[in-house]
Undergrad: 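Sharing a structure with you now.
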Amino acid sequence: METVRVSTSQHVDIDYPVAGLGERVAARLIDFGLFIAIFLIFLLFFSLTGLINSGRIVVIVMLLIFGAGFVFYDLICEIFMNGQSIGKRLLKIKVDQP
């Protein structure tokens with residue numbers, strides 16, 4: 001297993017295991033599955049309330065909000081979850097801050 005060695009200011013070396021490609025792909029697939037589930041929940045909610053049939057503008061606004069969340073998901077996780085997305089947190093993968 002590959003590790004990364006970090007030297008602290010007290011001259012103590014700390015070794016961290018590096019996450020493999022399979023773990024990273026699995027974490028991304030969990031995040032993508034989360035987005036699909038959220039999209040289906042929104043779609044179900046809007047279809048049950050009748051908002052999806054009320055006009056084209058509602059669908060466009062819904063897609064814009066969902067798209068903005070998809071684009072800024074990594075940035076939001078970096079800020080609020082210490083660099084871990086939900087998939088990374090479930091697989092216990094941590095992004096090392098140099």
Side-chain angles (χ1 to χ4, degrees):
M1 175 181 274
E2 189 177 341
T3 61
V4 173
R5 181 170 293 210
V6 177
S7 295
T8 65
S9 59
Q10 289 83 18
H11 303 292
V12 175
D13 291 334
I14 301 172
D15 292 329
Y16 291 105
V18 177
L21 180 63
E23 291 174 317
R24 293 172 191 260
V25 169
R28 190 62 184 167
L29 288 175
I30 290 171
D31 292 337
F32 190 66
L34 176 73
F35 272 105
I36 290 175
I38 289 172
F39 181 74
L40 291 176
I41 289 169
F42 271 104
L43 195 61
L44 180 67
F45 174 73
F46 282 123
S47 65
L48 288 177
T49 58
L51 289 174
I52 206 156
N53 295 330
S54 65
R56 192 172 171 167
I57 192 76
V58 174
V59 175
I60 292 172
V61 169
M62 181 182 81
L63 289 175
L64 284 175
I65 291 171
F66 182 77
F70 188 77
V71 168
F72 294 112
Y73 176 70
D74 292 322
L75 177 65
I76 291 168
C77 289
E78 182 75 29
I79 293 170
F80 295 112
M81 296 176 63
N82 294 330
Q84 286 184 306
S85 65
I86 294 172
K88 288 178 184 175
R89 185 165 284 188
L90 287 174
L91 294 177
K92 296 178 177 74
I93 299 173
K94 181 155 177 157
V95 177
D96 190 25
Q97 303 291 331

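Reckoned from all heavy atoms, side chains included, excluding hydrogens, waters and symmetry mates.
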Undergrad: Quick one: sort the Phe66 and Phe39 rings into parallel, tilted or perpendicular, breaks at 30° and 60°.
TA: tilted
Undergrad: Mind checking the CG-CD spacing from Leu75 to Glu78? Nearest 0.5 Å is all I need.
TA: 7.5 Å
Undergrad: Given salt bridge (charged side-chain N to carboxylate O under 4.0 Å, His left out), test Arg89 with Asp31 step by step and report yes or no.
TA: CA-CA 10 Å; Arg89 185 165 284 188; Asp31 292 337; over 6 Å; no
Undergrad: So, taking the atom named CZ in Phe45 and the one named CG in Leu40, what distance separates them when rounded to the nearest 0.5 Å?
TA: 15.0 Å
Undergrad: Do you know which two heavy atoms are closest between Leu91 and Glu23, and how far apart they sit?
TA: CD1-O, 3.4 Å
Undergrad: Under a 4.5 Å side-chain heavy-atom rule over Ile, Leu, Val, Met, Phe, Trp and Tyr, are Ile38 and Leu44 clustered together?
TA: no
Undergrad: Considering all heavy atoms of both residues, which atom of Ser85 and which atom of Cys77 are nearest to each other, and what is their separation?
TA: CA-SG, 3.7 Å
Undergrad: Just wondering, more than 12 heavy atoms not from Phe35 lying within 6.0 Å of its CZ?
TA: yes
Undergrad: Which pair of heavy atoms, one from Ala27 and one from Lys88, lies closest together, and at what distance?
TA: CB-N, 3.8 Å
Undergrad: Starting from the C-alpha separation in whole Å, work towards a yes-or-no answer on side chain to side chain contact (heavy atoms under 4.5 Å, CB included) for Ile86 and Tyr73.
TA: CA-CA 10 Å; Ile86 294 172; Tyr73 176 70; 3.7 Å; yes
Undergrad: To the nearest 0.5 Å, tell me how far Leu90 CG sits from Ile30 CD1.
TA: 5.5 Å
Undergrad: Counting only N and O atoms by type, is there a donor-acceptor contact under 3.5 Å from the side chain of Gln84 to the main-chain atoms of Ile93?
TA: yes
Undergrad: Is there a continuous path of hydrophobic side-chain contacts, each under 4.5 Å between heavy atoms, that joins Phe32 to Val25?
TA: no
Undergrad: If Ile, Leu, Val, Met, Phe, Trp and Tyr residues are connected whenever their side-chain heavy atoms lie under 4.5 Å apart, and connections chain through other members, are Leu64 and Ile41 in the same group?
TA: no
Undergrad: Check whether any side-chain heavy atom of Ile79 sits under 4.5 Å from a side-chain heavy atom of Phe72, and report yes or no.
TA: no
Undergrad: Rounded to the nearest 0.5 Å, how far does CG of Leu43 lie from CG of Leu48?
TA: 9.5 Å
Undergrad: Decide whether Ile57 and Leu63 are clustered together by the hydrophobic rule: side chain heavy atoms of Ile, Leu, Val, Met, Phe, Trp, Tyr closer than 4.5 Å, transitively.
TA: yes
Undergrad: In Å, rounded to the nearest 0.5 Å, how long is the span from CG of Leu29 to CD1 of Ile36?
TA: 9.5 Å
